[in-house]
Amino acid sequence: MFKIQTLNKISAVGLEKFPRDDYEAASSINDADAILVRSQEMHDLTLPDTVKAVARAGAGTNNIPVAELTAKGIVVFNTPGANANAVKELVILSLLISNRPVIAANAWANSLAGKGDEIPDLAEKGKSQFTGPELKGKTLGVIGLGAIGAMVANTAVELGMTVIGYDPFMSIAAAWKLNNNVKYAETLDTLLAKADYITIHVPQTNETKGFINADKLKAMKTGVRIVNIARGGLVNNADMLAALKSGKVAVFVTDFAAEELLNNPKVICFPHLGASTPEAEDNCAVMAVNELREFLEKGNISNSVNFPKTVTDNEIPADGTRLCISHKNMPGMVSKFTTILGEANFNIGGMINQNKGDLAYNIIDVDGKVDDDTLAKLSAIENVMNVRPIFA
């Protein structure tokens with residue numbers, strides 16, 4: 001029986017993917033095998049030693065202490081692309097309302113309550129104060145061309161915009177998904193100088209915190225409109241407010257409300273609505289559950305932010321053991337594993353070794369049940385972080 005602790009309300013569509021006879025999922029579990037989380041802050045949580053994995057039902061993992069968990073050999077999963085369409089739609093909405101002041105127009109229309117038959121004439125007379133430009137024919141700069149950025153770029157092309165994208169880390173798979181009309185900027189400065197609108201789709205890391213700052217704002221067109229539905233920390237709010245005051249930035253739309261941004265007529269704040277659709281919540285939950293099941297039941301790793309992708313289609317040997325070993329990526333580690341298993345008379349039927357930076361992960365299938373003494377010897381090898389047996 002695997003135990004899953006949920007730290008947020010998780011979609012029932014996802015939780016139903018856990019077989020009832022083999023899994024228990026609840027928020028009150030204290031000795032969990034894995035954690036399933038959405039946006040709850042985990043940096044101050046003390047996890048039990050039983051935890052082997054954390055799955056984030058969403059793309060960003062800045063609410064998870066990834067470095068700390070990595071040091072313990074705990075695999076951290078996310079669900080890239082599962083909420084991409086929901087976020088894309090909010091970005092497109094943000095671009096539209098950055099142009100057309102429909103929020104202010106709605107508030108003004110509501111102020112006419114009680115005017116009765118005068119309302120139609122008053123509305124016609126007052127509508128001129130709410131004019132705004134069209135998107136068609138304008139240039140959109142998309143910073144980050146992952147799952148969401150690519151979808152935004154493609155939709156903007158369909159709306160008649162000229163689209164410039166920038167992503168120095170764009171994968172070949174992502175490139176194939178881009179509309180042929182999306183132009184690629186060789187440098188970020190090129191994009192900043194040409195774009196009438198800019199939308200940001202990069203992860204928040206120590207390197208990208210405050211990514212949009214005074215220097216980058218200075219390089220943009222005067223009157224640019226900026227959308228940030230990615231992560232709040234990507235924008236230096238003080239620099240943004242200064243740019244709004246000077247007129248350098250016409251409108252800033254953000255999904256991350258902050259005290260200093262509220263009640264500014266040039267700022268539109270949402271309360272982190274990016275993935276707040278039932279479809280996105282279902283998709284993220286299903287993907288996260290499937291990742292945890294693959295890992296707990298078979299040792300497979302996909303969409304991990306800290307460990308390498310390691311997947312086998314092989315079944316665990318009948319009456320055998322699958323060893324899942326995480327360790328520092330050091331020379332000679334595999335030979336140490338095989339030596340210990342050979343000395344214990346275990347035949348290796350299959351092995352996969354993958355690495356990602358300083359980390360490595362192995363799936364080793366052996367005939368027979370690996371005993372506690374052999375497991376202890378494997379665990380005692382220097383630079384081994386975790387040894388987990390899965391029995392057939």
Side-chain angles (χ1 to χ4, degrees), residues 1-12 14-58 60-79 284-308 310 321-328 356 358-363 370-391:
M1 173 71 74
F2 291 113
K3 297 181 179 181
I4 311 297
Q5 183 181 16
T6 56
L7 297 186
N8 296 98
K9 184 179 179 181
I10 305 297
S11 161
L15 294 178
E16 288 171 358
K17 299 296 181 181
F18 286 127
R20 293 186 179 181
D21 293 341
D22 301 318
Y23 285 85
E24 177 186 1
S27 60
S28 57
I29 292 174
N30 296 318
D31 55 346
D33 294 291
I35 304 292
L36 188 51
V37 62
R38 287 175 59 199
S39 57
Q40 180 169 321
E41 178 61 52
M42 292 184 61
H43 285 273
D44 295 328
L45 291 182
T46 300
L47 300 184
D49 294 337
T50 54
V51 173
K52 305 167 184 66
V54 173
R56 159 82 162 97
T61 55
N62 53 303
N63 62 315
I64 300 171
V66 177
E68 178 184 329
L69 298 183
T70 301
K72 298 178 181 179
I74 297 175
V75 182
V76 179
F77 297 95
N78 68 345
T79 58
C284 287
V286 168
M287 189 170 179
V289 168
N290 287 338
E291 290 166 351
L292 287 179
R293 288 195 58 189
E294 279 291 310
F295 177 69
L296 293 173
E297 297 172 26
K298 302 177 183 178
N300 289 333
I301 295 179
S302 292
N303 298 321
S304 172
V305 301
N306 56 346
F307 278 87
T310 314
T321 307
R322 172 164 292 172
L323 295 171
C324 305
I325 306 176
S326 57
H327 59 89
K328 298 291 181 64
K356 182 178 183 179
D358 296 333
L359 299 175
Y361 182 75
N362 294 262
I363 295 177
V370 176
D371 55 277
D372 291 342
D373 182 60
T374 302
L375 292 173
K377 288 179 179 178
L378 291 169
S379 299
I381 296 173
E382 186 177 4
N383 293 314
V384 166
M385 305 163 72
N386 194 290
V387 177
R388 181 169 68 98
I390 303 176
F391 299 107

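All values reported here derive from a predicted model rather than from experimental measurement.
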Item to complete: Any chance you could measure Gln5, atom CD, to Glu24, atom CD, to the nearest 0.5 Å?
Response: 11.0 Å
Worksheet item: CD1 of Ile64 to OG of Ser39: how many Å apart, nearest 0.5 Å?
Response: 10.5 Å
Minimum heavy-atom distance between [X] and [Y], given as atom pair plus value:
| X | Y | value |
| --- | --- | --- |
| Ser302 | Phe77 | O-CD2, 3.0 Å |
| Met385 | Lys328 | SD-N, 4.1 Å |
| Ala285 | Ser11 | CB-CB, 3.7 Å |
| Gly14 | Val289 | O-CG2, 3.4 Å |
| Thr79 | Ala288 | CG2-N, 3.6 Å |
| Thr321 | Pro389 | CG2-CB, 4.0 Å |

Please check if the side chain of [X] supplies one atom and the backbone of [Y] the other of a donor-acceptor pair under 3.5 Å.
| X | Y | value |
| --- | --- | --- |
| Glu41 | His43 | yes |
| Asn306 | Val76 | yes |
| Thr50 | Ala32 | yes |
| Arg322 | Ile363 | no |
| Thr310 | Pro308 | yes |

Out of [options], which one pairs with [X] under the side chain to side chain contact (heavy atoms under 4.5 Å, CB included) rule?
| X | options | answer |
| --- | --- | --- |
| Leu7 | Leu36, Ile35, Val54 | Ile35 |
| Lys52 | Leu296, Val75, Ile74, Asn386 | Leu296 |
| Ser27 | Asn8, Thr6, Ile10 | Thr6 |

Worksheet entry | Pairs where residues 370-387 contributes a residue and the test salt bridge (Lys or Arg N to Asp or Glu O under 4.0 Å) is met, not counting sequence neighbours | Asp373-Lys377
Item to complete: Quick one: do Arg56 and Asn63 satisfy side-chain contact (heavy atoms from CB on, under 4.5 Å)? Show the steps, please.
Response: CA-CA 9 Å; Arg56 159 82 162 97; Asn63 62 315; 3.6 Å; yes
Worksheet entry | Results of ring pair (Phe, Tyr, Trp, His ring centres under 6.0 Å) for Phe307 - residues two or more places apart only | none
Worksheet entry | Pairs flagged by side chain to side chain donor-acceptor pair (under 3.5 Å) wherever residues 285-300 is involved - sequence neighbours left out | Tyr23-Glu297, Glu291-Asn303, Arg293-Glu297, Glu294-Lys298, Glu294-Asn300
Worksheet item: Would Leu378 and Val384 count as a side-chain contact (heavy atoms from CB on, under 4.5 Å) if you check the C-alpha gap in whole Å, the side-chain angles of each, and the deciding distance to 0.1 Å?
Response: CA-CA 8 Å; Leu378 291 169; Val384 166; over 6 Å; no
Discussion item. If you count heavy atoms of other groups shown closer than 6.0 angstrom to NZ of Lys17, is the number above 12?
Written reply: no
Worksheet item: Under 6.0 Å from the CG atom of Asp31, do we count more than 12 heavy atoms belonging to anything else shown?
Response: yes
Discussion item. Before you tell me yes or no, could you show the steps for Ile381 and His327 under side-chain contact (heavy atoms from CB on, under 4.5 Å), namely the whole-Å CA-CA distance, both residues' side-chain angles and the distance that decides it to 0.1 Å?
Written reply: CA-CA 9 Å; Ile381 296 173; His327 59 89; over 6 Å; no
Discussion item. Before you tell me yes or no, could you show the steps for Gln40 and Leu45 under side-chain contact (heavy atoms from CB on, under 4.5 Å), namely the whole-Å CA-CA distance, both residues' side-chain angles and the distance that decides it to 0.1 Å?
Written reply: CA-CA 10 Å; Gln40 180 169 321; Leu45 291 182; 4.1 Å; yes
Discussion item. Quick check: do Leu375 and Leu323 have side-chain heavy atoms less than 4.5 Å from each other?
Written reply: yes
